[in-house]
Amino acid sequence: LSIYLLLQHAFIVFMSHTPSSTSDAISLSKMGPFAYIGLYSPKLRYILPLIYAGAIVAPFAAGIIYFVTAVKTFQSLASNGYLPKWIGSVNKRQSPIFSILVNFICASLIFMFFQGWDTLAEITTIFFCVSYAVGPINLFSLRRSLPNLHRPFRLPFAKMWCLVAFYGCSLAIYWCGFKIVENAGIIVIAGIIVFLIYILFRRDKSIKDMEFKSSIWFFVYYIGIFII
């Protein structure tokens with residue numbers, strides 16, 4: 001966070017001492033603002049390799065983290081009964097090969113239908129905000145259902161922070177724009193369809209253990225965001 005704040009501060013200071021024509025060129029350039037500054041500023045040209053190296057290394061590292069997270073998520077969903085058991089199985093080297101294949105197929109479909117880095121970044125932001133919005137709901141629910149449970153750390157003014165966090169996540173989703181929310185909704189609907197197909201054809205036809213009623217609020221919430 002400190003690095004990003006310093007970068008933004010440096011950019012703002014540079015723009016405050018830059019003619020308006022250069023500012024317009026930076027805003028219209030597809031190179032990115034920092035790359036444009038490094039290329040056309042003689043004193044800062046030495047940082048251009050660092051900028052491009054960071055533009056490659058940082059997304060690559062983030063991609064590895066997201067990849068492992070998605071694979072482990074598929075594996076956990078399979079172990080909890082939300083997906084077929086074979087998806088969570090591992091090979092001789094204890095690698096969840098089927099989870100990796102499923103993740104690759106899902107990622108390829110997303111790249112096929114939502115081309116462009118900007119769109120993918122905004123859709124990812126929406127899903128992050130949705131996942132973060134679950135946090136305050138869980139905190140509020142646990143405070144009501146288990147008020148006397150021993151907690152090593154007890155957040156003061158929990159109700160207020162739950163409201164602020166949930167409201168902030170909702171605003172972040174709203175600010176992404178209707179088109180991005182619509183695209184994210186398509187992914188959510190596709191996931192729900194796949195899940196219902198699995199429920200329909202699995203051996204255990206009951207969905208009582210799925211706690212479906214506990215997730216109704218999410219559909220109401222997302223539909224409300226979509227309408228607004």
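All values below were derived from every heavy atom in this structure, side-chain atoms included, with hydrogens, water molecules and symmetry-related copies excluded. Numbers here simply count residues along the sequence, with the first being 1.
- Annotation: the span from I180 atom CD1 to I126 atom CD1 amounts to 6.5 Å, rounded to 0.5 Å.
- Between the side chain of S76 and the main chain of K72, a donor-acceptor pair closer than 3.5 Å is present.
- Ring orientation note: the planes of F128 and Y66 are tilted relative to one another, at an angle of 30° to 60°.
- Atom CG of L109 is separated from atom CZ of F104 by 10.0 Å, given to the nearest 0.5 angstrom.
- In this structure, CG in L83 is found 10.5 Å from OG1 in T73, a value given to the nearest 0.5 Å.
- Here SG of C176 is found 11.0 Å from CG of L171. Values are rounded to the nearest 0.5 Å.
- In this structure, C162 and L139 approach most closely via the heavy-atom pair SG-CD2, 3.6 Å.
- L155 is listed as a side-chain neighbour of R143, based on a closest heavy-atom distance under 4.5 Å.
- Contact annotation: the side chain of S99 never approaches that of N103 to less than 4.5 Å [non-hydrogen atoms, C-beta and beyond].
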For this session: Let me see the working for R144 and K159 under side chain to side chain contact (heavy atoms under 4.5 Å, CB included), right down to the final yes or no.
Result: CA-CA 10 Å; R144 294 193 62 179; K159 292 183 179 180; 5.9 Å; no
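- Residue P156 comes nearest to W161 through the heavy atom pair O-CD1, 3.1 Å, listed as atom of the first residue, atom of the second, then distance.
- No side-chain heavy atom of V90 sits under 4.5 Å from any side-chain heavy atom of F98.
- Closest approach of A78 and G88 over heavy atoms only: CB-N, 3.5 Å.
- With contacts defined as side-chain heavy-atom distances shorter than 4.5 Å, the pair I173/V181 qualifies.
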Exercise. When you look at F219 and I192, which way does the side chain to side chain contact (heavy atoms under 4.5 Å, CB included) test go after all the steps?
Worked result: CA-CA 11 Å; F219 300 103; I192 293 173; 3.1 Å; yes
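- Surrounding CH2 of W217 are more than 12 heavy atoms belonging to other residues, nucleotides or ligands, all under 6.0 Å away.
- Both I97 and I87 sit in one connected hydrophobic cluster of ILVMFWY residues. Membership requires side-chain heavy atoms under 4.5 Å apart, directly or through other members.
- V164 and Y167 are not part of a single hydrophobic cluster, where members link through side-chain heavy atoms under 4.5 Å apart.
- A donor-acceptor distance shorter than 3.5 angstrom exists from the side chain of S89 to the backbone of W86, with no hydrogens or angles considered.
- In this structure, L149 shares a hydrophobic cluster with L142, L146, the cluster being traced through Ile, Leu, Val, Met, Phe, Trp and Tyr side chains under 4.5 angstrom apart.
- The hydrophobic cluster containing F127 also contains F111, counting ILVMFWY residues as joined when their side-chain heavy atoms lie under 4.5 angstrom apart, directly or transitively.
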Exercise. Passes side chain to side chain contact (heavy atoms under 4.5 Å, CB included), F218 versus I137? Steps please.
Worked result: CA-CA 10 Å; F218 171 78; I137 298 296; over 6 Å; no
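- Remark: the Y221 side chain and the S170 side chain contain an N/O donor-acceptor pair separated by less than 3.5 Å.
- The minimum heavy-atom distance linking K85 with S79 is given by the pair NZ-O, 3.1 Å.
- Rounding to the nearest 0.5 Å places CZ of F67 at 11.0 Å from CZ of F60.
- Environment of OH in Y174: sparse, with no more than 12 heavy atoms of neighbouring residues, nucleotides or ligands closer than 6.0 Å.
- Pairing each heavy atom of A172 with each of C129, the nearest pair is CB-SG, 3.4 Å.
- Once rounded to the nearest 0.5 Å, the distance linking CD1 of I64 with OG1 of T69 reads 11.5 Å.
- Under the 4.5 Å side-chain heavy-atom criterion for Ile, Leu, Val, Met, Phe, Trp and Tyr, I189 and I197 are members of the same hydrophobic cluster.
- Note: the hydrophobic cluster containing I100 also contains V68 (ILVMFWY, side chain heavy atoms under 4.5 Å, direct or indirect links).
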